[in-house]
Amino acid sequence: MSIQCPNCNSHNVIERQIGKTVGARIGAVSGGVLGASGAWTGAETGAVVGAAFGPVGLITGSIAGALFGGLVGSVSGSIAGSKVGKQLDGSVLDLYRCLDCDTEFN
């Protein structure tokens, strides 16, 4: 079943996904911030693991742990934000746009 434009009856219609896109970006930023604040724990863990390899391992482990904490937070936030945004797309925002007449509709 194809979607039809209510204005011009065209079938040349796309999904807009504004909520999903914005939600993913907001989630990635906020998740990255939370991940960075949790990166201290990752740095401590990395330092403990890296300490077995001396001072270089300590520094490398700390940096790797901090980066991993920030990355995991950012990815998790992006996924969560994308799911919330997708729900907004389906219920609140105009979900479709006609490529022939530029009408936006739900």
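- For S10, the side chain to side chain donor-acceptor pair (under 3.5 Å) partners at least two apart in sequence or on another chain are D100.
- Looking at Y96 and E104, their side chains never come closer than 4.5 Å, going by heavy atoms from C-beta outward.
- Side-chain contact between V13 and Q4 is absent, with no heavy atoms from C-beta onward closer than 4.5 Å.
- S74 places no side-chain N or O within donor-acceptor distance of the main-chain N or O of G70, the cut-off being under 3.5 Å.
- Cluster partners of L71, by chain and number: V75, I79. The rule joins Ile, Leu, Val, Met, Phe, Trp and Tyr whenever side-chain heavy atoms lie under 4.5 Å apart.
- No side-chain heavy atom of F105 sits less than 4.5 Å from a side-chain heavy atom of N7.
- Note that CD1 of I3 is 12.0 Å distant from SG of C98, once rounded to the nearest 0.5 Å.
- Hydrophobic cluster of L67: the remaining members, joined at side-chain heavy-atom separations below 4.5 Å, are I59, I63, listed by chain and number.
- A distance of 13.0 Å separates CZ in R97 from CD in E15, rounded to the nearest 0.5 Å.
- Across every non-hydrogen atom of C5 and T103, the tightest pair is SG-CB, 4.1 Å.
- Note that the CD1 atom of I26 and the OG1 atom of T21 stand 11.0 Å from one another [nearest 0.5 Å].
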